[in-house]
2 protein chains.
Amino acid sequence: MSDRLQLDLANYLPYLVNRLGGALVADMIANTLAPFDLTIDMWRLLAVLSYRGAQRQVDLVDMSSIEASTVSRLVTRLARMGLVTRKRSETSSREVVIELTAKGRAQVERIIPAALKLEQTASTGIPAKDMAVVKRSLRRMFENMTGR
Amino acid sequence: MSDRLQLDLANYLPYLVNRLGGALVADMIANTLAPFDLTIDMWRLLAVLSYRGAQRQVDLVDMSSIEASTVSRLVTRLARMGLVTRKRSETSSREVVIELTAKGRAQVERIIPAALKLEQTASTGIPAKDMAVVKRSLRRMFENMTGR
DNA sequence: TCGCAATTGTTGTCAATGCAATTGTTGTGG
DNA sequence: CCACAACAATTGCATTGACAACAATTGCGA
């Protein structure tokens with residue numbers, strides 16, 4: 001009777017996005033992070049800290065999309081590894097400020113080339129003009145989903 | 001001395017992809033899956049089964065990017081919920097074939113409209129031509145990372 | 001200013017995940 | 001045709017991660 005309701009996965013945006021995301025993560029872990037004894041979430045925190053400088057934990061949560069209690073425990077581990085410091089904010093004693101140590105910065109700078117190479121590998125065969133469209137659209141869609 | 005090695009997160013593909021993926025998943029869970037008592041991975045399996053029909057578990061692993069032992073256990077739960085059946089393959093008794101039940105198909109058809117609406121929401125303000133570029137590029141990048 | 005709600009971070013708990021080992025089956029080279 | 005490698009699925013076990021409850025601090029409205 002009625003047409004069957006169908007979901008064309010091969011053309012369904014959330015499927016395409018998360019499938020690629022998973023492949024990128026798997027590659028990053030296997031080829032780069034494992035030797036450094038870093039998990040993907042640790043790397044995300046370090047990358048955010050490198051990119052934006054010292055941050056409160058709540059801002060790390062926001063920028064990394066990692067859940068708050070997980071961030072709290074990851075920061076503890078990163079501090080124990082000597083890659084970050086955690087100290088109370090001067091302006092508000094309920095806040096905590098996380099900052100890369102010299103060792104942490106060195107670690108990030110050792111990883112960045114591999115991270116860039118990963119992006120290159122993924123981008124093979126895609127015109128620069130198309131990649132610009134992709135990145136702009138990914139940012140816009142994120143805004144659409146979160147209201148920034 | 002040397003320029004500092006930097007990673008521009010706001011323009012870094014893996015970051016943009018996984019950040020959007022997380023936002024899409026969070027929305028899907030909160031607004032659609034939770035009321036059905038489904039996890040995101042359960043939904044992925046159901047969607048693949050709906051899209052491609054009965055599948056061996058190993059093929060579900062391949063198409064869903066979910067780890068094999070997790071698929072095994074999720075299928076057990078889905079079967080217990082009456083959404084799929086699991087039976088030994090006729091051609092090879094080490095294989096198992098998973099198939100949607102009528103109840104499972106009905107469930108998927110109730111979810112699909114919300115899934116399409118999610119895609120619409122994310123796509124707001126993005127020209128159809130750009131979206132075509134995005135989807136084509138996402139598929140190509142996945143191929144680049146996995147060799148298909 | 002006082003009280004209460006919101007913010008920030010931590011901890012307890014338990015289900016879920018991933019990895020490795022295991023079982024059972026199929027395919028294949030010698 | 002036999003031994004052994006490859007494949008498919010499951011299970012054990014340790015780790016992870018999410019959610020909720022909590023503690024501490026700050027901010028705000030009446």
Side-chain angles (χ1 to χ4, degrees), chain A residues 18 21-23 25-30 33-35 37-45 48-49 54-81 84-99, chain B residues 18 21-23 25-31 33-46 48-49 52 54-81 84-99:
Chain A
N18 281 302
V25 167
D27 186 282
M28 188 71 186
I29 292 173
L33 297 178
D37 268 304
L38 290 175
T39 66
I40 187 68
D41 282 344
M42 286 172 166
W43 159 240
R44 284 175 176 146
L45 293 180
V48 167
L49 288 168
Q55 297 285 311
R56 299 178 304 161
Q57 268 184 208
V58 69
D59 297 322
L60 289 180
V61 168
D62 185 57
M63 300 197 55
S64 70
S65 306
I66 303 171
E67 201 268 340
S69 70
T70 302
V71 168
S72 177
R73 284 185 254 249
L74 285 180
V75 167
T76 300
R77 286 171 64 191
L78 290 173
R80 198 169 294 147
M81 294 166 80
V84 305
T85 59
R86 165 198 257 151
K87 42 179 194 273
R88 287 280 154 193
S89 163
E90 291 160 7
T91 61
S92 168
S93 76
R94 74 180 155 187
E95 299 174 357
V96 152
V97 176
I98 315 301
E99 188 167 16
Chain B
N18 280 302
V25 166
D27 186 283
M28 188 71 186
I29 292 173
N31 296 330
L33 297 177
F36 288 104
D37 270 304
L38 290 175
T39 66
I40 187 69
D41 282 343
M42 285 172 166
W43 159 240
R44 284 176 176 147
L45 292 179
L46 295 178
V48 167
L49 287 168
R52 305 226 82 176
Q55 297 284 312
R56 300 178 303 162
Q57 271 185 204
V58 69
D59 296 322
L60 289 180
V61 168
D62 184 58
M63 298 199 55
S64 70
S65 305
I66 303 170
E67 200 268 341
S69 70
T70 301
V71 168
S72 177
R73 286 185 260 248
L74 287 181
V75 167
T76 300
R77 288 171 62 191
L78 290 172
R80 200 170 291 148
M81 295 167 79
V84 306
T85 59
R86 168 198 255 153
K87 43 179 194 272
R88 287 282 153 191
S89 163
E90 292 161 6
T91 60
S92 167
S93 75
R94 75 182 154 185
E95 298 173 359
V96 150
V97 176
I98 315 301
E99 188 168 17

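Residue numbering restarts at 1 for every chain, and letters A, B, ... go by the order of the sequence lines. Note that these values count all heavy atoms, side chains included, but never hydrogens, waters or copies made by symmetry.
Rounded to whole Å, the distance from CE on B:Met42 to C1' on C:dA16 is 11 Å. In this structure, B:Glu67 places its CD atom 17 Å from P of D:dT15, rounding to the nearest Å. One can place CG of A:Leu45 at 11 Å from P of D:dG17, the figure rounded to the nearest angstrom. Spacing between atom CZ of A:Arg73 and atom P of C:dC14 amounts to 14 Å, rounded to whole angstrom units. Note: CG (B:Asp62) to C1' (D:dC7) measures 14 Å, nearest angstrom. The interatomic distance linking A:Asp37 (CG) with D:dT16 (P) rounds to 11 Å, in whole Å. Nucleotide C:dT8 holds its C1' atom 13 Å from the CG atom of A:Leu60, rounded to whole Å. Distance A:Leu74 CG to D:dA18 C1': 13 Å, rounded to the nearest Å.
In terms of position on DNA chain C, the residue among B:Thr70 and A:Val96 whose nearest nucleotide sits closer to the 5' end is A:Val96.
Side-chain atoms of A:Arg77 stay outside donor-acceptor range of the base of D:dG17, with no qualifying N/O pair under 3.5 Å. Between the base of D:dT25 and the side chain of A:Arg94 there is a donor-acceptor pair shorter than 3.5 Å. For A:Arg88 against C:dG9, a side-chain-to-base donor-acceptor contact under 3.5 Å is absent.
The residue B:Arg56 sits close only to the backbone: its heavy atoms come under 4.0 Å of sugar-phosphate atoms, none of a base. When heavy atoms are screened at a 4.0 angstrom cut-off, A:Glu95 is found touching the sugar-phosphate backbone but no base atom. B:Asp41 comes within contact range of the sugar-phosphate backbone alone, with a heavy-atom separation under 4.0 Å but no base atom that close. Using a 4.0 Å heavy-atom criterion, one finds that B:Ser92 contacts the sugar-phosphate atoms exclusively. A:Gln57 comes within 4.0 angstrom of sugar-phosphate atoms only, judged by non-hydrogen atoms across all strands, and of no base.
Here the OG-CD distance, from B:Ser64 to B:Gln57, works out to 10.5 Å after rounding to the nearest 0.5 Å. To the nearest 0.5 Å, atoms CD1 (B:Ile98) and CG (B:Leu78) are separated by 9.0 Å. Taking CG of B:Leu60 as the reference point, atom CZ of B:Arg52 lies at 11.5 Å (rounded to 0.5 Å).
Taking 4.0 angstrom as the limit, B:Arg86 places a side-chain polar atom (N or O) nearer than this to OP1 or OP2 of D:dT10. At D:dT26, one or more side-chain N or O atoms of A:Ser93 fall inside 4.0 Å of OP1 or OP2 (strictly under the cut-off).
The main-chain N or O of A:Ser72 is found under 3.5 Å from a side-chain atom of A:Arg86 such that the two form a donor-acceptor pair.
Pairing each heavy atom of A:Val61 with each of A:Ala68, the nearest pair is CG2-CA, 3.6 Å.
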